[in-house]
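Whatever order the structure lists ligands and atoms in, that order sets their numbers, starting from 1.
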Amino acid sequence: MARPITREDLQEFISLHFDRSEENYVTAETAVDPSDIGTPMYASPLIRIGSTDDALWEEFKKPGAIGSFYRAPKDWLPEAKSVISVFGPWSDHVVESNAHEKTYPGSAWISSYAAGGALIKRLSVQLADWLTEQGYPSIAPAMSKDFRFVYEDGSQPDVPAGISYASNWSERHAAFVCGQGTFGLSRGIITERGMAGRFCSVVTSLELEPDERHYEGLYDYCIFCGKCAKNCPPQAIDMERGKDHPSCDAWLTEMKARNGVAGCCGKCQVNVPCSRKIPRAK
Ligand code: SF4
Ligand code: SF4
């Protein structure tokens, strides 16, 4: 019989393989600027749990949401009981490095986006594997061979028409259901520790007490101040329509060509009231 795994066990595992691991530091190999060597990429993570029985998962399949292309947790793992969402907030050093540069990404932001992105993805696989070894079959959907991302409408013959810039599993939608926070105008998730960071998630057969959602609407935590739109170098964010993915994507491609390391920007996540906390309307 599988031994019981508590939320504290999960937290310990995640922390050991993430913020407390030696991989959470910029190295001579990953640094874009030598002054960043030895600095942490992530601060301590926020972990939130959702139930696979939550009705919201099926809502994402509806037209106007992600669409029928989306796979709910039980479509990934029929015996699943819980979804674990992990938010890794960027460290102060990483956020400050990007906040100091108006147009181009800061050096620590670039190196952390590449190495830190790989670290949080690796964590999701390690967590799913560990839970499976403990007797609770689990999967990290975004790292599965069945994970799909569609850029252009009609570009993949087996994906229904009308779907673009969407994936069949979304870390941000999982975060919303699990209680991490709500969307902002820039389409990032505003958590208790703000928006500047990365997410991963694991779907597991381990039954855990779900977290409460302290919000109802998709955008409850956004105060629509428009700072993210003002900061966006290619003006990809509109106060009415939100983020235009192709414009953002073109800018990220340009940034990758410029820095040679990572297609990143993140100006909508720094120097904004939702960068490090839930903003409050004045
Ligand atoms: S900067 Fe303002 S408008 Fe943009 S996501 Fe944050 S709170 Fe919302
Ligand atoms: S990542 Fe950069 S280009 Fe994309 S929406 Fe945010 S500020 Fe704009």
Item to check | Under 3.5 Å: donor-acceptor pair, side chain of W57, backbone of P73 | outcome: no
Item to check | I223: numbered ligand 1 atoms lying under 4.0 Å from its heavy atoms | outcome: 7 (S)
Checklist outcome for this item: In chain-and-number order, ligand 2 lies under 4.0 Å from a heavy atom of each of C232, P233, P234, I237, K243, C248, W251, C265, G266, K267, C268
Checklist entry - Looking at G226, which atoms of ligand 1 are within less than 4.0 Å of one of its heavy atoms? => result 2 (Fe), 3 (S)
Checklist outcome for this item: For G184, the atoms of ligand 1 under 4.0 Å from one of its heavy atoms are 5 (S)
Checklist entry - Going through the distances and angles, do F147 and F149 end up as a ring-ring contact (aromatic ring centres under 6.0 Å, His included)? => result CA-CA 7 Å; F147 177 75; F149 189 97; 7.2 Å; no
Checklist outcome for this item: Sorted by chain and number, sequence neighbours left out, ring-ring contact (aromatic ring centres under 6.0 Å, His included) with F199 holds for F87
Item to check | Contacts of type side-chain hydrogen bond (donor to acceptor under 3.5 Å, both in side chains), residue S247, not counting sequence neighbours | outcome: D244
Checklist entry - Residues two or more places apart in sequence or in another chain: which of them pass side-chain hydrogen bond (donor to acceptor under 3.5 Å, both in side chains) with N98? => result K267
Next on the checklist: Can you classify the ring geometry of Y165 versus H245 as parallel (below 30°), tilted (30 to 60°) or perpendicular (above 60°)?
Outcome noted: parallel
Checklist entry - Do S201 and W169 have side-chain heavy atoms sitting under 4.5 Å apart? => result yes
